[in-house]
Amino acid sequence: MPIIKETNYNLLMKQLQSLIEDEQNLIAILSNTSALLNDNLDQINWVGFYLIDNDELILGPFQGHPACVHIAIGKGVCGTAVAENQTQLVKDVHAFPGHIACDANSKSEIVIPIHVNNDIIGVLDIDAPIKDRFTIEDQQGLENIVQVLEKQLTN
Ligand code: SME
């Protein structure tokens, strides 16, 4: 198991805040957020967004290899996060029933729903090339990052 460099989520929240505070455009905000996370999270191979469109998830801004475009609500880790309205912390993607393998390198994953005005608009999805990459501290830090996004998108 490689040593994973810890992320300073408090600093990252401040950086994200200043990066997006003057922006209203969803695509611009999510694009820069995916780039910021990619620069600051060790041992990941994909980070990005899926957005709800016509009752399914559609690929949004991301960093990483090309990925699946359509994910049905309730399918895969992303669709489950939406259906259950809950973060999915998956230590081993191969043990998750129905996991959708977009990148064969992915071994663990975290997916966090994003809410605007109480509706889920999509998810933040992060994949790692090692098992058990994300801790409960990562989950809390990333949920705080998503809250910064939600606040900006709700304004
Ligand atoms: N693994 C995801 C699909 C998206 S990729 O990881 C980028 C899932 O099971 O929903």
Side-chain angles (χ1 to χ4, degrees), residues 1-2 4-7 9 12-13 15-16 19-20 25-116 118-150 152-153:
M1 181 90 173
I4 301 163
K5 189 174 171 284
E6 263 184 48
T7 298
Y9 286 105
L12 202 53
M13 281 169 70
Q15 288 173 324
L16 178 61
L19 195 59
I20 66 176
N25 182 279
L26 178 65
I27 300 301
I29 288 172
L30 298 185
S31 299
N32 262 342
T33 304
S34 66
L36 185 72
L37 292 174
N38 195 44
D39 280 349
N40 286 281
L41 289 171
D42 194 25
Q43 293 289 336
I44 64 167
N45 59 300
W46 200 93
V47 49
F49 297 91
Y50 280 88
L51 298 171
I52 294 180
D53 186 2
N54 278 325
D55 289 330
E56 65 172 342
L57 286 165
I58 302 278
L59 182 63
F62 70 95
Q63 306 269 308
H65 290 307
C68 346
V69 175
H70 300 266
I71 298 178
I73 309 293
K75 299 289 180 195
V77 185
C78 292
T80 302
V82 173
E84 295 184 1
N85 191 13
Q86 214 168 350
T87 296
Q88 303 294 307
L89 181 60
V90 181
K91 290 171 181 291
D92 177 0
V93 294
H94 297 114
F96 187 98
H99 165 255
I100 300 164
C102 290
D103 184 336
N105 284 328
S106 300
K107 294 201 172 65
S108 57
E109 181 164 5
I110 187 166
V111 178
I112 299 166
I114 303 167
H115 303 86
V116 174
N118 291 323
D119 291 326
I120 301 183
I121 63 147
V123 297
L124 167 64
D125 178 17
I126 310 178
D127 288 12
I130 53 173
K131 278 189 199 170
D132 212 1
R133 158 66 180 84
F134 303 102
T135 61
I136 202 74
E137 286 75 28
D138 288 301
Q139 175 174 343
Q140 280 158 359
L142 290 165
E143 287 176 346
N144 290 340
I145 290 285
V146 165
Q147 277 185 18
V148 172
L149 274 181
E150 291 175 335
Q152 183 65 15
L153 295 172

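Counting convention: from 1, in listed order, for ligands and their atoms alike. For reference, positions follow the sequence shown, starting with 1.
For the pair Ser108 and Asp92, the minimum side-chain heavy-atom distance is 4.5 Å or more. Side chains of Ile130 and Ile4 form a contact here, defined as non-hydrogen atoms less than 4.5 Å apart.
Separating the OH atom in Tyr9 from the CG atom in Asn40 is a distance of 9.5 Å, to the nearest 0.5 Å. Between atom CG of residue Asp127 and atom CZ of residue Phe62 there is a gap of 11.5 Å, rounded to the nearest 0.5 Å.
A pairwise comparison of heavy atoms in Glu56 and His70 identifies OE2-ND1, 3.0 Å as the closest pair.
The protein heavy-atom contact nearest to atom 2 (C) of ligand 1 is Glu109 OE2, 3.2 Å. At the top of the distance list for atom 5 (S) of ligand 1, counting protein heavy atoms only, stands Cys102 SG, 3.4 Å. At the shortest separation from atom 8 (C) of ligand 1 among protein heavy atoms lies Val77 N, 3.3 Å. Among all non-hydrogen protein atoms, the one lying nearest atom 1 (N) of ligand 1 is Ile100 O, 2.8 Å.
By the criterion of a heavy-atom distance under 4.0 Å, neither the backbone nor the side chain of Val93 is placed next to ligand 1. Counting heavy atoms closer than 4.0 Å to ligand 1, residue Asp103 contributes nothing at all. With a 4.0 Å cut-off on non-hydrogen atoms, Tyr50 touches ligand 1 through its side chain and not its backbone.
Close approach to Trp46 involves these atoms of ligand 1, each under 4.0 Å from a residue heavy atom: 7 (C). Close contacts of ligand 1 with His99, meaning ligand atoms under 4.0 Å from a residue heavy atom, involve 1 (N), 9 (O). For ligand 1, the atoms sitting less than 4.0 Å from at least one non-hydrogen atom of Cys78 are 8 (C), 10 (O), numbered in the order shown with element in parentheses. Heavy-atom proximity to Asp125, at under 4.0 Å, picks out these atoms of ligand 1: 4 (C), 5 (S), 6 (O), 7 (C). Numbered from 1 in the order shown, with element, the atoms of ligand 1 that lie under 4.0 Å from a heavy atom of Asp127 read 5 (S), 6 (O). Of all atoms in ligand 1, numbered sequentially from 1 with element shown, those under 4.0 Å from a heavy atom of Ile71 are 3 (C), 4 (C), 10 (O).
The N/O atoms of Cys68, backbone and side chain alike, include none that comes under 3.5 Å of an N/O atom in ligand 1.
Ring orientation note: the planes of His99 and His94 are nearly perpendicular, at an angle over 60° on the 30°/60° scale.
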Test log, rule side-chain hydrogen bond (donor to acceptor under 3.5 Å, both in side chains), inputs Asn45 and Asp103: CA-CA 8 Å; Asn45 59 300; Asp103 184 336; 3.1 Å; yes

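Judged by distance alone, the side chain of Gln152 and the main-chain N or O of Ile20 form a donor-acceptor pair under 3.5 Å.
Glu143 and Gln139 share a donor-acceptor pair across their side chains, judged by distance under 3.5 Å alone.
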